[in-house]
Every structure is written in C-alpha cells, then in structure tokens.
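A short write-up of the structure that comes next.
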Amino acid sequence: MIKEFTNNGYRYVLAGPVLTVSKVKLNGVDISKYLSNQTKISWYDVSKNSGRDVTNADGTMVLNVINTKWRIDLVSRPLTEDEQVDFYAEIIKAPTLGIDFKNPFTKQWQHIDCYRGDRVAQAMLPYVTPDGLVELYNPASQAVIEL
C-alpha cells in the first residue's frame, strides 16, 4: 500500500498504478459495505487494431485509440452466507448493469453501463471471533467492464 486517505467521507487507497476506492453503486444500490480496499478502478484505451498497432516506415509506432473504457474489479471483504447473496444480488439480475463510482481523475461521481466479467466466490472457512466460531466466505470478486 502506497498511501491511504479519506476525503469527504470516502476512503481511498493508492496501491500502484490504479486507484482503489470503497464507494460503488450497482444499479443505484450502494454495495460499499461489502467492498475491501482491494477494489480497483482501471482506465484503458481501446485501439483500432485491437492492440496490434503498426509502425510506419521510420519505425514510429502508430496508435489509433478509438475509445477509452473503464474496468472495475469489485473485491469483497470476507462475507457471511447472507452477505454473499446480497453482494451478488444486483450483479446476477441481468448481463448488463449501471455502475456509479468516484472518478479518480475528476473527483466527480461517474455513471457507466457495464457488462459482467469474471466472478470468483471462494470457499467458506471457519473464523474464531470473541462471539464464537463464525463461518465466512473468503473474499469474492467481480469484474465489471464498460460497454
């Protein structure tokens, strides 16, 4: 972790080349309480030649960027069975969903329409707490990619 800070009540963690956030809404439903500081927002360029751009006669690379897209990797904290169901409730309703997140470049909330990417749910493991034994799912993850 490089730097962690709070701004206007939102918690941010700088962790390498992407900004990690803890405030995200899926179809208007705030899922922030389920997210860990491993949630990441990535911003990437879509190239005309699908990443296989060419060089011209003098060897200069020609990059034909036709669009910029967002990818958000939602990573949960350890979840109970009910929380696991709630975390995925909006995600499994339809193959596309609306995402609201804090844009790290403009400091403004941004809305994008996304499709579901890869998702992972890990095994449930027992944890010992002061209240006794609790079974929790290890962190779940879900990628959402801008349409």
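No experiment lies behind these values; they were computed from the predicted model shown.
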Side-chain heavy atoms of Leu136 within contact of Leu125, under 4.5 Å: no
Closest heavy-atom pair and its distance - Asp100, Gly28: OD2-N, 4.5 Å
Note, Leu26 side chain near Leu74 side chain (heavy atom, < 4.5 Å): yes
Point-to-point distance, once rounded to the nearest 0.5 Å, from OG of Ser141 to CD of Gln38: 11.0 Å
Lys69 backbone acceptor or donor facing Arg71 side chain under 3.5 Å: no
Single-linkage hydrophobic cluster Ile31~Ile92, side-chain heavy atoms < 4.5 angstrom: yes
Straight-line distance of Phe101 CZ to Lys25 NZ, nearest 0.5 Å: 13.5 Å
Minimum-distance pair of heavy atoms, taken over all atoms of Ala140 and Tyr88: CB-OH, 3.5 Å
Heavy-atom closest contact (Ser76 atom, Pro139 atom, distance): O-CB, 3.1 Å
Nearest-0.5 Å distance that lies between atom CD1 in Ile72 and atom NZ in Lys40: 13.5 Å
Note: Glu83-Arg77 ion pair, threshold 4.0 Å (strictly below): yes
Cluster check Leu35, Ile145: I/L/V/M/F/W/Y, side chain < 4.5 angstrom: no
Polar side chain donor-acceptor pair, Asn103 to Gln108, under 3.5 angstrom: no
Inter-residue atom distance Asp73.CG - Asp118.CG, 0.5 Å rounding: 9.0 Å
Side-chain touch Lys102/Lys23, heavy atoms, less than 4.5 angstrom: no
Asp82 side chain to Thr80 side chain, donor-acceptor N/O pair below 3.5 angstrom: no
same_hphob_cluster(Val120, Ile91) at 4.5 Å side-chain heavy-atom cutoff: no
Minimum heavy-atom distance Gln84-Tyr137, with the two atoms named: OE1-CB, 3.7 Å
Closest contact, heavy atoms only, Asp30 versus Val24: OD1-O, 3.4 Å
Whether Phe87 and Tyr34 hold their rings parallel, tilted or perpendicular, with breakpoints at 30° and 60°: perpendicular
ring-ring contact (aromatic ring centres under 6.0 Å, His included) evaluation trace for Phe105 with Trp43: CA-CA 10 Å; Phe105 303 103; Trp43 192 32; 4.5 Å; yes
Heavy-atom check, side chain of Val144 versus side chain of Tyr115, under 4.5 Å: no
Within one Ile-Leu-Val-Met-Phe-Trp-Tyr cluster: Val75 and Trp70, side-chain cutoff 4.5 Å: no
Co-membership, hydrophobic cluster, residues Val46 and Leu147, 4.5 Å side-chain: yes
Minimum heavy-atom distance Glu146-Thr68, with the two atoms named: OE1-O, 3.8 Å
Gln110 CD to Ile99 CD1 distance, which is reported to the nearest 0.5 Å: 11.5 Å
